[in-house]
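One structure below.
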Number of protein chains: 4
Amino acid sequence: MAVRTARNKKKTQEYDSTWLEDPKTLGLVTAQVEDPELVKSRRAQIITSAVKVFSEKGYYASTIKEIAREADVSPGLIYQYVSDKEQVLFLALQLIVFTLKKGLPEAFHRESNPVMKYYACFDAYCRVVDVHRDASMLTYRETHSLTREHKGFIKGMELETNEIIAAAVREAIREGYFKNINVELFVYHTIMTAHSWALKHWRLSQVTNLEDYIKTNARFLLASALTPKGMEAAVDILGPETE
Amino acid sequence: MAVRTARNKKKTQEYDSTWLEDPKTLGLVTAQVEDPELVKSRRAQIITSAVKVFSEKGYYASTIKEIAREADVSPGLIYQYVSDKEQVLFLALQLIVFTLKKGLPEAFHRESNPVMKYYACFDAYCRVVDVHRDASMLTYRETHSLTREHKGFIKGMELETNEIIAAAVREAIREGYFKNINVELFVYHTIMTAHSWALKHWRLSQVTNLEDYIKTNARFLLASALTPKGMEAAVDILGPETE
Amino acid sequence: MAVRTARNKKKTQEYDSTWLEDPKTLGLVTAQVEDPELVKSRRAQIITSAVKVFSEKGYYASTIKEIAREADVSPGLIYQYVSDKEQVLFLALQLIVFTLKKGLPEAFHRESNPVMKYYACFDAYCRVVDVHRDASMLTYRETHSLTREHKGFIKGMELETNEIIAAAVREAIREGYFKNINVELFVYHTIMTAHSWALKHWRLSQVTNLEDYIKTNARFLLASALTPKGMEAAVDILGPETE
Amino acid sequence: MAVRTARNKKKTQEYDSTWLEDPKTLGLVTAQVEDPELVKSRRAQIITSAVKVFSEKGYYASTIKEIAREADVSPGLIYQYVSDKEQVLFLALQLIVFTLKKGLPEAFHRESNPVMKYYACFDAYCRVVDVHRDASMLTYRETHSLTREHKGFIKGMELETNEIIAAAVREAIREGYFKNINVELFVYHTIMTAHSWALKHWRLSQVTNLEDYIKTNARFLLASALTPKGMEAAVDILGPETE
DNA sequence: GATGAATGAGGGTTCATTCAT
DNA sequence: AATGAATGAACCCTCATTCAT
């Protein structure tokens, strides 16, 4: 199952490629090769390299040749698993959004208290964003290079991600921990706070570190939402009142 | 009052181009033409078109010829006022960041109460972002295409913008309206909330409108920061407790 | 036996391209294609066409597209074997200088008497110059368009050529056939006489022909150099005293 | 009458521009400006700069703008005195060939003995070539960029130059100083020897200097041509027999 | 007569994509 | 299935030339 790894990769963040079996994706991206297992593993190999190359230089500045070289494969091979460069981007963005989402269900179910669920999701999300900082930015930089249809597909995946956090928020509201806030706006507020760690990392990394960033912003976010009852439940997270 | 201008151009020019006189910019971008007035007006013309074209198609997908056509000049003319395409992007991003910043001082000085200063800045910032939605996104999408030096320059301008809001926050803390929060993190939280209106407009515009977005998020932000004393001062903004 | 080939190409290839294997050249001109045999044959194809096109219109007035057309390949292909237009010129000039030099060793070793060696070299050299008249002029016209490094390389090759004739001259002096003349100046005198057949062909061809040009100028040259002993040895060349 | 000289010229080899009045030239190069005096002085100004710029960078690599800058004049002005860039080259080459020729009549008439006439011409010619080394090479490099008609014109001027030396040679033959050699070939031999000082200066300057070059090559040339009677007459030039 | 801003055709070069092997 | 050489459309940029002032 091991995909032939290239000569000298630094550490190569490993990705989970199970999503490549998703029929929705398979319907949108067609291969010339028959064997589905091969398609899956080759695509995983190509896309992993694509994410790396795109992250470093952006979509347009990256060439198919570079991606092929990074994947230890010939340029021609890529076109047997994908019909053009745009599809490589499409798959790469899918991988990224999928990766960002993947950890959330686990965090959600790990906790029982809705406030803790929310916090665990935010925490988990910030950490994946941190690990895949350049990749996270890629969704902001290059989504516009997709076709309308593919753009819609990626946006849909993003909404699914939001939905997990939204579930925690709704639960917290229902159980009286959170005020009756606008759920979707609050979820975006939350998500964007996590993304900001990547988007403004050039500056934020000068004034804080990940742990502190998570903690401080979690306080900001929770302070906006918590009811007095919620405050009590969140005392472990927030620590003693800072003032 | 419609922001999006139609196909048929020739009216736009909704930007203030005084910053083009800034010697810092003039030092980084050189023209072949001597007359400073002409340089200024031609550059304004070119850059306005560039922002438009870049906003629609991104930097790489836009051609100099398109920008020239949009500006109603010949492609060759552009190269008399700029030495390459990267400089067009550099100037375009400067115009955008400058435009985003421009309204803040006015908002800041209009109000005397620090909480109101903060709110006025946030409100003003959201509104410029709204007017220049595509352009705002451009800074996220294309800053990476700049040379290291120009990237640094743009980031510096961004920090100057933040500093205005930071001043309001510090004043609010000093006078006991805001808790002793981490100023820079809170400012980024604020700024990013405004930017999110552009970055996630595809979705946010489906669930809310600008007025509501500003109000709701202002509440989120202030709830994170206000002391009890601050709450009283902000009662006009927040309205009666939403619960 | 006609040198000038007609409009309809596809036969030319009158050059020896073995020098393309020379590691010195390979170090200075890099290809994207791996297979060394292919690199050699494609370069031979490209350069032969380049020499032809450059000879007709000069370096600047020739376009890569024309060279490609002449070589029956696409413009893009050229850039797989050469990194820019200057390198095409560099290789073209190498081919020319190599071609001019190639016949000399054979002429040198064919004869045993040093005066005859000298004469055979001059004769051979004039004949190659004649066959490649336009190409010979190219070294005068376009060497200056090379980078400093490549210019030096070509000049070095030229000196190697001179050295062969110099060897004959030194031998003739040592054995008392030639007076004790300044070898390098005399060699240049000789070489330039051969080159002049190309450089001033527009006029010389009106007043003489190659055979006569060689014979007459050989007399001029030898008369400058020969000792009385040398005169006797050269009687076959010079014929009965012309007066 | 003084043409406005530019800011910081190093030394600016002065040229004689009287030839610009020549009706043959005036017929081939037309001006938009009426006043013949002005045409003459402006052209002198332009061409002097052109020779300089062309000499340094070659015809194609030089731009009209550069020539204009060098001449302290606007690009537009050039087109009032010349109809295109090719004509600038044409005039520049005329100036060069004219300059090379100019000193010969004086040298010719200074001496009475035909051998001395010949020597004086060769000596004078080598010295002008030395002073205008880059310009001399320009005739070899760029004549081919002229139209057929202009090329013929320049070649005609060259032949006129040769004719002066030919006159000396013929006289020497007639009076028994020179053997009955082929005059035109011998003149080319002579001329090319002088030109070689420019064409091969990169190497010759390493092995000799101008004085020595002239003396050594004069001996080579005269040795080819002199009769015994001529030898006596030339003893001052040749010095005691070098052997 | 002189200026220099403006034009736009044209060239070098890149790179997504194809296809023979 | 995989390779990688070959193609050629398209883009950035230069610069000879024009023309309004």
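Throughout, a chain's letter reflects where its sequence line sits, starting with A, and its residues are numbered from 1.
- D/Gln87 contributes no side-chain N or O that, together with a main-chain N or O of D/Val82, makes up a donor-acceptor pair within less than 3.5 Å.
- Rounded to whole Å, atom C1' of F/dT3 lies 14 Å from atom CG of C/Leu38.
- Each of B/Ala61 and C/Arg42 has a nearest nucleotide on DNA chain F; the 5'-most of these lies closest to C/Arg42.
- Contacts of A/Ser83 with the nucleic acid, taken as non-hydrogen atoms under 4.0 Å apart, are absent.
- Which of E/dG12, F/dA5, F/dA16 sits closest to the side chain of C/Gln80 comes down to F/dA5.
- Not one side-chain nitrogen or oxygen of C/Tyr81 sits closer than 4.0 Å to the OP1 or OP2 atom of F/dA5.
- Below 30°, between 30° and 60°, or above 60°: for B/His150 and B/Phe90 the angle between ring planes is below 30°, a parallel geometry.
- Atom pair A/Gln32:CD and F/dA1:P shows a separation of 9 Å (rounding to whole Å applied).
- The stretch residues 84-94 of chain B touches DNA chain F through B/Asp84, B/Lys85, each having a heavy atom under 4.0 angstrom from the strand.
- Distances shorter than 4.0 Å separate none of the side-chain N or O atoms of D/Ser74 from OP1 or OP2 on E/dG4.
- Here F/dC13 sits opposite E/dG10 as a Watson-Crick or G-U wobble pair (both hydrogen-bonding atom distances under 3.5 Å).
- Atom OH in D/Tyr60 sits about 14 Å away from atom P in E/dG10, given to the nearest Å.
- Using a 4.0 Å heavy-atom cutoff across all strands shown, B/Ile64 reaches sugar-phosphate atoms only and no base atom.
- Side chain of C/Glu70 to backbone of C/Ser49: no donor-acceptor contact under 3.5 angstrom is found.
- Between B/Gly76 and A/Tyr79, the residue whose closest nucleotide on DNA chain E is further toward the 5' end is B/Gly76.
- A 3.5 Å limit on both hydrogen-bonding distances identifies F/dT3 as the Watson-Crick or G-U partner of E/dA20.
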